[in-house]
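Everything on this sheet refers to the single structure shown next.
Every chain is numbered from 1 and lettered A, B, ... according to where its sequence line falls, protein lines coming before strand lines. Everything numeric here is computed off the predicted structure, so don't read it as measured data.
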2 protein chains.
Amino acid sequence: MQEQRISESIDQYMGLLKSRGFRLTNQRRIIVETLLRKLGTHLNARELLDLAQEEDPSIGIATIYRTIELLNSLGMLNMVNLEEGFLRFEVPDEQMHFHVFCRSCGKTVHLADEESKMAEVKGWAQSEGFDLLPQTFEMAGLCRECREEGVLDEPFDAAIPIKGVRGRCRRRCGRMPR
Amino acid sequence: MQEQRISESIDQYMGLLKSRGFRLTNQRRIIVETLLRKLGTHLNARELLDLAQEEDPSIGIATIYRTIELLNSLGMLNMVNLEEGFLRFEVPDEQMHFHVFCRSCGKTVHLADEESKMAEVKGWAQSEGFDLLPQTFEMAGLCRECREEGVLDEPFDAAIPIKGVRGRCRRRCGRMPR
DNA sequence: ATAACTGCAAATTCTTTGCACTTTG
DNA sequence: CAAAGTGCAAAGAATTTGCAGTTAT
């Protein structure tokens, strides 16, 4: 995003905070700015802290979490769960995003044509009486490369899914057999 | 689910573990059985522990987590993030589920006609080269009741979403103004 | 018999909170 | 100036891990 749009976006975000009666603090501005500059990536709280501290080293982790919570409650920030044991965050440049990530290697991509997918998904929720909020959808899958590497041993079509995925096994879970 | 199907399902799950070279321990059987009996609910680790301990009080929380990790890595268990600060778990009775939950009151429903939605979503991922794994999708929204109660103050159509949702604000995030 | 698995309790990691101080409006 | 917001450090909660003992194959 070019400088000018970033600056406009910051103004929009800060304007919303103001219109809601929240104060425009320097910390909030820095955090919003950081999220906008890193748009497209998915920062976790620690990464966001580190970047924000480049602007103002005195910012603390508590402010990060409090700001995340505030922005999320206002619909200005999406929480992203890539099954890592912690959350990541992104500001929605569009109303919705669709991620697919590989449960084997962790690669993450955005789906194309998010506008029309958004319309579809909104329709689904609508029929249950829900208005969807802006957010990012996560879908776990296996990328072509991992499939070709034989991460899978079996075809994939059981009603109770019978799959062997040697996922990013960050943790001990018994031996990894075979 | 009727007793016989549960028993068959347990056998299927245990059979998969066995075929992968994992051992069929009593603890694993109990955990799988508990998940199957509570199918449709979304247990967190603590709840799963409590239920499992009704069968065998000696089961520890570490075994719960290790079994969750194992089942998930085999594609036999879905992780469910309802933005509560921890995860919930369910075994997929079908390949995929679609939840919509209300970010204001927390109400959670399953979408209807999950089969066809699954086909659609699989197609989306396919075009990026991904095979989706069985899983549960979470969508955050606002239910009709909460909308009518005026949780929202503004219409919902900004490119950078401009929404005021007084979400389940479990945490301090400044005052709740207005 | 032996490698896999478990329970326990301690350790880690992520997130939240109380409080005294600072800043915004 | 008063209320809102912040930083710090301590607390809390969820999850992971080392290890000695147990169990499945």
From CZ of A:R29 over to P of C:dT24, roughly how many Å is that when rounded to an integer? 12 Å
For the helix from C:dA1-D:dT25 to C:dG25-D:dC1, measure the angle between the helix axis at one end and the axis at the other, each built from five pairs, rounding to 10°. 40°
Quick check against the 3.5 Å criterion: does B:Q53 have a side-chain atom that pairs as donor or acceptor with the backbone of B:I59? yes
Using a distance-only criterion (donor-acceptor N/O pair, under 3.5 Å, no hydrogens), is the base of D:dA3 paired with the side chain of A:R23? yes
Judged by nearest nucleotide, the residue sitting upstream toward the 5' end of DNA chain D, B:A62 or A:A62, is A:A62
Side-chain donor or acceptor of A:K117 paired with backbone N/O of A:A112 under 3.5 Å: yes
Cluster link A:F86 to B:L87, ILVMFWY, side chain under 4.5 Å: no
Between B:Q135 and B:L133 (side chain of the first, backbone of the second, donor and acceptor by atom type, cut-off under 3.5 Å), is there such a pair? yes
Would you mind telling me which residue lines up with the more 5' stretch of DNA chain D, A:S58 or B:F89, judged by nearest nucleotide? A:S58
Protein-nucleotide distance (A:L17, atom CG; D:dG5, atom C1'), rounded to Å: 12 Å
Can you tell me how far P of D:dT15 sits from CZ of B:F86, to the nearest Å? 8 Å
Ignoring the backbone of A:F22, work out which of D:dT15, C:dT15, D:dG5 is nearest its side chain. D:dG5
Is A:Q27 close enough to C:dT23 that one of its side-chain N or O atoms is under 4.0 Å from OP1 or OP2 there? no
What nucleotide among C:dC14, C:dA9, C:dT17 has an atom nearest to a side-chain atom of A:Y65? C:dC14
Taking only the side-chain nitrogens and oxygens of B:T63, find out if one of them lies under 4.0 Å from OP1 or OP2 of C:dC5. no
B:I31 CD1 - C:dC5 P separation (whole Å): 13 Å
Spacing of A:L49 atom CG relative to D:dT6 atom P, expressed in whole Å: 13 Å
Please report the interatomic distance CE(A:M14) to CD(A:Q12), rounded to the nearest 0.5 Å. 13.0 Å
I need the A:R88 CZ to A:L43 CG distance, nearest 0.5 Å. 8.0 Å
Find which nucleotide of DNA chain C each of A:N26 and A:R46 is nearest to by heavy atoms, and output the residue with the more 5' nucleotide. A:R46
Rounded off to whole Å, could you give me the CE-to-P distance for the B:M14 and D:dA24 pair? 10 Å
In whole Å, what is the span from the CG atom of B:D56 to the P atom of D:dT22? 15 Å
Tell me which nucleotide among C:dA9, D:dT25, D:dG7 gets nearest to the side chain of B:L24. D:dT25
Check the phosphate of C:dC5 against B:R28, side-chain N and O only, distance under 4.0 Å to OP1 or OP2. Yes or no? yes
Please state whether the rings of B:H110 and B:H42 are parallel, tilted or perpendicular, taking 30° and 60° as the class boundaries. tilted
Length of the line joining A:I59:CD1 and C:dT23:C1', which is rounded to integer Å: 14 Å
If we only count heavy atoms from C-beta on, is the A:T136 to A:M96 side-chain gap below 4.5 Å? no
Which nucleotide sits closest to the side chain of A:L87: C:dT15, C:dA3, D:dA14? C:dT15
